[in-house]
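Written out below as structure tokens is the structure these notes cover.
Ligands are counted one by one from 1 in listed order, and the atoms in each one are counted from 1 as well. Quick caveat, the model's predicted, so the values are computed rather than measured.
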Amino acid sequence: MNTGNMPTPIQNLDEYLGNELYMKREDLFPYCFGGNKARKALLFFEEIKKGKYNCVVTYGSGSSNHVRVVSNLCASMNIECHVIAPKEAYKVTNNSKMRELFGADVKVVPVDDVHDTIEKMIEDLESQGKKVYFIPGGGHGNIGTQAYVDCYEEIKQYEKENGVFFDYIFFASGTGTTHAGLVVGKLKNNDDRKIIGISIARPNPRGRNAVLDSVREYMGDVPDIDDATIFVDDFRGVGYGDTVSEWVIKDVLIRYGIPLDETYTGKAFYGMSEYIKDKQIKGKKILFIHTGGTPLFFDSLNGLLYGDYN
Ligand SMILES: *Cc1c(COP(=O)(O)O)cnc(C)c1O
């Protein structure tokens, strides 16, 4: 799949809480409703093409953005796609319907059995003579990190062309891969700015350690990794079907015409706003990275319409 190597747009959204707010629209990354999973998956599929693999196994909830994108890519290349999904997270959503449309096979197992199931499945497929490529959940690992080193370079290019410098970069942090790529970018360029991941699930220190591990895996143990990694875990509770997150999503949609979702970007945008207020940040240039999840926005429309918000 050729996306033309076009950078995703960065939009100036004007004054926000006494700062100038910009948004990098990764949700407009031009493949299957975009998002960070699309940016990461395309790099994995370069490996898959090069190695002439004919079968992909990946891990992720059947309703995840990751599985949607991976199953679309597999279908387009006529590659068999197997998804191991944790039982606890299984739901019918827009993403899971698309995954079904793309014909990916899903095996739902209890979380504790995930590891063994993956190993056994790869073994079985290989014994049938298939050439199997495994994509870690969420597109984790150095390839996924690389995708966000590339994104960081797009941000640098925008700054150069437009004569701006972002003092802060905020985004939703999950497995920490996106976060790690941005931290690597900052360290490689020696940039003096704050990269702030808003945790959508993991508490500290586990969440932050996952980011640190990914940065070290990519670039070795250089100094300053610790200082460069800011992982805020105060807003995890703001979540699915939550009135705060519904309020934020409605507000951002009305204000800017930009859809957020309840699992990732709604939490991150809310977390960013609270962080700015709490730390009394004023007069700065702030970049929010919209990491995608557009199909999730449509999943929450009914909640926005009929929920508690008023
Ligand atoms: C997966 C995802 C994230 C988190 O990305 P990680 O690289 O796992 O930290 C953020 N936003 C959206 C929309 C996602 O799908």
- Any atoms of ligand 1 less than 4.0 Å from a non-hydrogen atom of Gly293? List them with their elements. 13 (C)
- Query: Any sub-3.5 Å donor-acceptor pair from Lys267's side-chain atoms to Ile200's backbone N or O?
  - Reply: yes
- Taking the non-hydrogen atoms of Lys37, is any one of them nearer than 4.0 angstrom to ligand 1? yes
- Please state which protein non-hydrogen atom is closest to atom 11 (N) of ligand 1 and give its distance, to 0.1 Å? Thr291 OG1, 2.6 Å
- Note on the structure: Between Val132 and Glu126 the two heavy atoms that sit nearest each other are CG2-CG, 3.7 Å
- Message: Please determine whether residues Phe298 and Ile249 belong to a single hydrophobic cluster, defined as Ile, Leu, Val, Met, Phe, Trp and Tyr linked transitively by side-chain heavy-atom distances below 4.5 Å.
- Response: yes
- Message: Would Asp261 count as being in polar contact with ligand 1, using the rule that some N or O on each side must be under 3.5 angstrom apart?
- Response: no
- Element-labelled atoms of ligand 1 that are located less than 4.0 Å from some non-hydrogen atom of Ser173: 9 (O)
- Query: Should you measure from each heavy atom of Thr177, which atoms of ligand 1 turn up under 4.0 Å away?
  - Reply: 7 (O), 9 (O)
- Within-shell test, Gly292 vs ligand 1, heavy atom, strictly < 4.0 Å: yes
- Query: How close do His179 and Thr229 get, heavy atom to heavy atom, and via which atoms?
  - Reply: NE2-CG2, 4.3 Å
- What protein heavy atom sits nearest atom 9 (O) of ligand 1, and how far off is it? Gly174 N, 2.6 Å
- Taking only heavy atoms of Thr178 into account, list the atoms of ligand 1 that are under 4.0 Å away from them. 5 (O), 6 (P), 7 (O)
- Query: Do Phe269 and Tyr16 make the cut of ring centroids closer than 6.0 angstrom?
  - Reply: yes
- Heteroatom distance test (Thr175, ligand 1): nitrogen or oxygen, under 3.5 angstrom: yes
- Query: Is Arg39 salt-bridged to Asp150, going by a charged N under 4.0 Å from an acidic O?
  - Reply: no
- Have a look at ligand 1 and work out which part of Lys40, if any, has a heavy atom under 4.0 Å from it: side chain, backbone, both or neither. side chain
- Task: Check Ser214 against His140 and note the closest heavy-atom contact, atom names and distance.
- Result: OG-CE1, 3.2 Å
- Is it true that Gly35 lies under 4.0 Å from ligand 1, counting heavy atoms only? no
- Does the Lys24 side chain pair with the main chain of Leu287, one donor and one acceptor, at a distance under 3.5 Å? no
- Task: Would you mind running through ligand 1 and noting each atom that sits below 4.0 Å from a heavy atom of Ala172?
- Result: 4 (C), 10 (C)
- Query: Identify the closest protein heavy atom to atom 12 (C) of ligand 1: which residue and atom is it, and at what distance?
  - Reply: Tyr264 CG, 3.3 Å
- Task: Verify whether one side chain among Glu153 and Gln157 offers a donor that lies under 3.5 Å from an acceptor in the other.
- Result: no
- Message: Taking NZ in Lys120 as the centre, count heavy atoms belonging to other residues, nucleotides or ligands within less than 6.0 Å. Is the count above 12?
- Response: no
- ligand 1-proximal atoms of Asn65, by part, heavy-atom distance under 4.0 Å: side chain
- Task: State whether Tyr264 and Lys37 meet the cation-pi test: NZ (Lys) or CZ (Arg) under 6.0 Å from the six-membered ring centroid, and within 45° of the perpendicular axis.
- Result: yes
- Message: Does any N or O of ligand 1 fall below 3.5 Å from an N or O anywhere on Asn36, backbone included?
- Response: yes
- Proximity of Leu296 to ligand 1 by residue part, where a heavy atom lies under 4.0 Å: neither
